[in-house]
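Right, one structure below, let's go through it.
A note on names: the letters A, B, ... follow the listed sequences, proteins ahead of strands, and every chain is numbered from 1.
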Amino acid sequence: MPVTFRLPTYLRPWAGGQREVELETAGPTIADALRSLAERYPALLDRVLTETGEVRQHVNIFVGDESIRYTGGLATPLPTKALVHIVPAVSGG
Amino acid sequence: MATNGVMLLIGTTKGAFLASSSGSRSRWQVSTPQLQGHQVYAMAYDGRDGRQRIWAAAQSFHFGSVLRSSDDFGKTWSAQENATIKFPADAGVALKQIWQIAIPENDLQLMYCGVEPAALFESRNAGESWSLVKGLFDHPDRRRWEPGGGGLCLHTIIPDPEDQNRIHVAISTGGVYRTEDGGKSWRSRNQGIRAEFLPNKYPEFGQCVHKIAQHPSAPNRLFLQNHWGLYRSDDGGDSWKDMANGVPSDFGFAMVVHPHEPESVYILPLESDQFRCVPEAKLRVYRSRNGGRSWEALTRGLPQAQAFETVLRDGMATDWLDPAGIYFGTRSGKVYGSANGGASWNLIAGGLPPITCVKAAVIGQSTTARPKPKRKSAGKKRPTRARPRR
């Protein structure tokens with residue numbers, strides 16, 4: 001199933017400088033798609049998830065316009081041709 | 001960068017700055033911000049084996065902590081994807097912050113990092129890859145360590161200059177731990193250190209140690225700045241004795257030992273844990289030249305009124321030139337330096353973001369070429385043991 005990841009500026013060096021990464025995901029959920037992304041860019045996932053497999057506290061992942069925090073977290077199912085945004089939260093200093 | 005110059009590595013909450021000077025240390029040039037936008041709690045200089053490598057722990061508020069290095073004094077930094085400090089999957093915890101980078105001078109490849117949540121990582125290939133020191137992570141005391149004000153962090157690493165199997169670390173709040181077998185097993189070493197905030201004031205572990213300092217020529221003598229309390233140990237950390245003899249407060253964070261005088265130790269007392277500013281709003285470094293038996297205030301060139309300054313645990317450093325340079329950075333973004341062992345001070349930089357760490361590097365000479373101390377160690381002699389290099 002095709003998925004497009006849109007990356008923030010900070011993460012682009014981990015993905016060869018690309019703003020968008022298109023790939024085929026091996027499974028139906030956002031967790032599956034992130035694993036597929038990590039197969040291509042192994043270090044990228046470390047910036048998005050912690051070692052315990054949770055989405056970092058100040059990182060938001062949207063499938064379409066919906067944050068996965070409200071749609072089942074990493075078990076959120078992906079629609080066909082999903083557009084996934086990885087976005088730093090509005091926080092920091 | 002001129003050879004035999006001094007470079008200060010200054011970590012701040014918004015990035016790192018490099019201040020460079022010739023050996024006279026009279027004029028300083030401060031760089032543009034490096035690793036801009038990252039919190040830099042730990043920096044170190046590796047001058048071993050012909051390297052001229054600066055290390056920095058860069059934390060993104062959003063995307064976590066990575067180690068970065070520069071071999072050209074900040075012109076370029078290593079690729080971000082080499083984020084090699086990572087807890088193993090079965091550890092059940094995630095890296096929050098890298099608090100300390102330690103570079104033993106008696107080995108060309110060995111490095112250590114202290115992190116939050118409290119753990120020690122080791123590299124045997126000069127920082128290319130890292131592994132968790134399981135002996136400490138699996139210690140039964142770990143489940144009872146509590147976070148201090150800055151988090152549950154391993155913030156101080158003292159590799160023994162003579163014995164590579166022997167390392168002291170300090171944890172807030174866990175206290176002092178020591179290994180004598182290269183990290184396989186660890187024992188708490190807190191006898192005599194007070195824990196003001198616990199019902200049992202002298203527990204086996206759980207103290208909030210803020211910093212330990214040691215002179216390489218006197219490895220059995222350790223100095224310790226506690227969360228309330230100044231201590232020294234003459235038996236390699238087995239026991240600790242109070243040495244707060246005539247300081248305005250025994251609360252503080254930073255502590256360094258003079259590079260050539262093993263009995264000379266510097267601190268920067270703060271008023272209290274409730275008001276973490278220098279006492280009486282006077283910015284005073286305190287120095288003992290007799291191993292903590294008495295202390296004197298060093299004030300020449302430092303503001304003695306309206307100075308509501310704070311210096312954090314890694315905010316003070318020495319170079320190893322002669323006379324020695326002593327430096328410190330404040331949470332209000334000022335860096336002060338003394339090129340004469342603390343007799344007088346000058347403002348090196350102001351207006352920086354809040355300073356988290358200051359380290360000093362002598363550029364152009366291998367760190368293993370460090371001059372011998374002027375005075376002999378008062379510490380007990382121990383046989384030298386070297387860990388086999390892998």
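- Between chain B and the residues A/Leu44, A/Thr50, A/Thr52, A/Val48, the largest count of heavy-atom pairs under 4.5 Å involves A/Thr52.
- Panel note: side chain A/Glu51, backbone B/Leu95; a donor-acceptor pair is recorded below 3.5 Å.
- At a threshold of 4.5 Å between non-hydrogen side-chain atoms, the residues B/Phe61 and A/Pro88 do not count as touching.
- Neither the backbone nor the side chain of A/Leu49 comes within contact range of chain B, judged by heavy atoms closer than 4.5 Å.
- Within a 6.0 Å radius of CZ in A/Arg56, other residues, nucleotides and ligands contribute more than 12 heavy atoms.
- The environment of B/Arg144 atom CZ is sparse: at most 12 non-hydrogen atoms of other residues, nucleotides or ligands sit within 6.0 angstrom.
- For residues 5-27 of chain A, the pairs satisfying salt bridge (charged side-chain N to carboxylate O under 4.0 Å, His left out) are A/Arg6-A/Glu20, with sequence neighbours left out.
- For residues 126-137 of chain B, the set of pairs meeting the side chain to side chain donor-acceptor pair (under 3.5 Å) definition, not counting sequence neighbours, comprises B/Asn125-B/Ser129.
- Although no hydrogens or angles enter the test, the distance criterion places no donor-acceptor pair under 3.5 Å between the side chain of A/His58 and the main chain of B/Phe63.
- With a 4.5 Å cut-off on non-hydrogen atoms, A/Pro8 touches chain B through its side chain but not through its backbone.
- Rounding to the nearest 0.5 Å places CZ of A/Arg47 at 13.5 Å from NE2 of B/His62.
- Closest of all the heavy-atom pairs between A/Asp46 and B/Lys86 is OD1-NZ, 2.9 Å.
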